[in-house]
Each structure stands twice: as structure tokens, then as C-alpha cells.
Amino acid sequence: MSQTDCYRGRFAPTPSGPLHFGSLVAALGSYLDARAAGGTWLVRIEDIDPPRCPKGADSTILRQLERFGLYWDEQVVWQHTRHAAYQQALDCLIARGLAYPCSCSRKQWQDFTIYPGWCRNGQREANKPVAWRLRSDLAKRPITWQDRLFGRQQLDPATFGDVVLKRKDNLWAYQLAVVVDDAEQSISDVVRGYDLLDNTPWQGQLQTALGLPTPRYLHLPLMVTDDGQKLSKQNMAPALAESVEGVRHQLFHALQALDQAPPIELAQEAPEVQLRWAIAHWSIEQLTPFHHRALPPEY
Ligand code: GLU
């Protein structure tokens, strides 16, 4: 099979608000990597946590992607429609002794840095709501992979603790949902922000436990503000530009943030033109593996 046939990438935003410059860099990196490989690029809306996802944020994100010329292939998938698949995966982990119900509250283990695993051999308090956790000590460990930018990684998920798979309020957790959906959509390449690099070991454990393939990973440097904070919806990063001018400039700056050294004239061009250039010149060898990248001053 050629790379063109098998490359499937995705951008998987949580619709907790509109996209900001940091999310544009992640979306653009994954888009360019897929398009340069002649592959397929998907968008998946990770709306498993409704209280965190204001109504309409999903369509705002899709309109923003279109404004920047980042058109996706196939139908958008919304995670809120995927409960049955997540439950099936959880049932499979339970059957293998790799997931357990936990009645502990955060307050009870506040003196520990990670959850100490008190419910591993039986729920500590009966008749209480339970979360489901992964037995990170029993699943495959350590997890190793070759990150396409950051090189060989080896991490033991047990040192990060037994991650929650399903919450006490019955909402699904990111780790389980992302693994099930990446496999369902036959994703070959995950390209996303560096902030998710240390989630990858749990995802590797889940992939192995569920008999799912492991994609290739490319984690991209994060955009940080002057005071070193990750640009995020929580710290009020402004939404992406809407004006024709603003879109052109932000797209150009996002290409610079990905170290693609676009020629200066490109800054005035429409997204289609900038993207055509960027696909033809996409090179991850140019990306420097800094964990963080300073934001252009105007964002
Ligand atoms: N939904 C996650 C986020 O918005 C990204 C998931 C991923 O790319 O694996 O941070």
C-alpha cells in the first residue's frame, strides 16, 4: 500500500469555545501533514463533556476551519453520538481485568500526587457513584514510541496513575474516546499539540489492551504567551480572525510558527494560495523540537 492510500489524519477539537491561534497551528500542522502525503484529513468534534461545550461552538469551529481554507474529507464525527462504542470498549477492558470501579473522591486522596489505587481490588465504599479507572499497573508498560518530532519516548503510565475512563457523572473521558475513535476512523497519523504527549502512554496501553493499532505520532510545539502560559480557551486566548486581512495574516503566522519559512509575499495571499505553497513545501525536518513557541506579538 502506498503512503497515499494509507495516510489518514485528523483534527479533533474539543468545542469548548472558538478556535484560537494555538489551535490553528495544530489544525494546520495536521492538515499539511495529511495533504502533503496525499492522504485523507478528517475533523472529529470531541464533545463528550457537554457542560464544557457551549451550544454552537462546534459549528463556529467548522466555519473557522473553512475560513482558513482547511477543508476536511468525509463526514464530521461528533463524539456525543458514540456512547455505545465507548461502552463496548469499557466492557472489554473490564472483562480483561484492566478497568475497575472507583468510589474515591479527589478530596480523599488529596495528599497524593496521583490516585493511589485504593479501589483496585474492590470498591472501597459500596453504594456510592463510581468512576471507571484503567489498571495502568497491569496494562502494557512501559510504552515506547518514536515521536516524529521529539524522537524516541519511553514512559510508564503507572507513574501517571490509573486514568479515569468513565466519570462518576457517566461522561466518557478523553483517553478512552480518543483511542476508540482513532481506531474506528483508521487514523494512521496523529498530529497534535505537545500538551498531549504525556497522554500518549495511556492511549498506548488502551490500544494494546483493546487490540487496536497504534498510529504514528507527531506532537507539535505549543504556542505560549509572554509569561510562558499555554495559549488556551481557559486563559482567554482570542478567537481567530474573521476579516479577510486577518485570516491571511494569521495563516501566514501559523506557517511561520511551524517553521515553514513562507516567503513574505505569501502573507497577502488568499488561504488557498498559502496552503498550496505550504503543502508543496511541507517539511517536518524544518520544525525545531522546542516544546514551546513564543506567540507572535499581536495574538
Ligand atoms: N480534543 C483534544 C483537544 O482539543 C485533542 C485530542 C487529540 O488531538 O488527541 O485538546
Side-chain angles (χ1 to χ4, degrees), residues 7-34 40-54 57-62 64-65 70 72 76-82 86 89 143 145 147-150 153 155 157 160 163-165 167 171-207 210 212-224 229-235 237 239-240 258 291-292:
Y7 188 113
R8 286 172 68 82
R10 77 339 183 244
F11 176 54
T14 301
S16 51
L19 301 180
H20 51 74
F21 187 73
S23 21
L24 173 64
V25 171
L28 181 62
S30 108
Y31 172 90
L32 292 176
D33 199 53
T40 299
W41 188 65
L42 309 178
V43 172
R44 182 172 71 230
I45 301 287
E46 300 210 319
D47 58 347
I48 36 175
D49 187 351
R52 269 186 64 211
C53 302
D58 52 352
S59 32
T60 301
I61 288 175
L62 297 176
Q64 289 178 304
L65 291 173
L70 301 174
W72 54 92
V76 172
V77 167
W78 272 262
Q79 286 193 325
H80 76 260
T81 64
R82 304 265 307 134
Y86 307 147
I143 295 291
W145 80 95
D147 192 89
R148 291 169 61 205
L149 181 59
F150 291 97
Q153 306 291 316
L155 293 162
F160 298 102
V163 77
V164 169
L165 304 170
R167 298 176 3 181
L171 292 179
W172 294 102
Y174 159 65
Q175 309 296 346
L176 184 71
V178 76
V179 160
V180 170
D181 287 342
D182 280 341
E184 170 69 22
Q185 296 186 287
S186 304
I187 298 301
S188 66
D189 286 79
V190 169
V191 180
R192 61 185 178 190
Y194 182 78
D195 53 331
L196 293 167
L197 184 132
D198 62 6
N199 287 238
T200 312
W202 284 313
Q203 294 170 19
Q205 285 196 318
L206 289 170
Q207 284 151 357
L210 294 166
L212 302 173
T214 293
R216 296 197 301 166
Y217 288 97
L218 165 58
H219 287 92
L220 298 170
L222 289 186
M223 304 307 300
V224 292
Q229 296 288 309
K230 176 197 161 196
L231 199 61
S232 72
K233 289 158 197 159
Q234 287 73 35
N235 67 23
L240 289 173
L258 289 167
H291 302 162
H292 297 114

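We count ligands from 1, going down the list as the structure has it; atoms in each ligand are counted the same way. Residues: numbered from 1 along the sequence shown. Keep in mind that the numbers below use all heavy atoms, side chains included, and drop hydrogens, waters and symmetry copies.
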Geometric class of the Y194/F150 ring pair [parallel <30°, tilted 30-60°, perpendicular >60°]: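 Taking Y194 first and then F150, their aromatic rings sit tilted (interplane angle of 30° to 60°).
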
Pairing of D181 and R10 as salt bridge, 4.0 angstrom limit: no

Check against side-chain contact (heavy atoms from CB on, under 4.5 Å), W72 and R44: CA-CA 10 Å; W72 54 92; R44 182 172 71 230; over 6 Å; no

Expected output: side-chain D189 to main-chain R216 donor-acceptor under 3.5 Å: no

Check: P15 main-chain N/O paired with D58 side-chain donor or acceptor under 3.5 Å: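 Checked: no pair found.
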
Proximal protein residues to ligand 1, non-hydrogen atoms under 4.0 angstrom: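 Heavy-atom contacts below 4.0 Å: R10, A12, P13, T14, E46, Y174, V178, R192, L196.
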
Residues which pass ring pair (Phe, Tyr, Trp, His ring centres under 6.0 Å) with F21, listed by chain and number, not counting sequence neighbours: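 Scan of F21 (ring pair (Phe, Tyr, Trp, His ring centres under 6.0 Å), adjacent residues dropped) gives Y299.
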
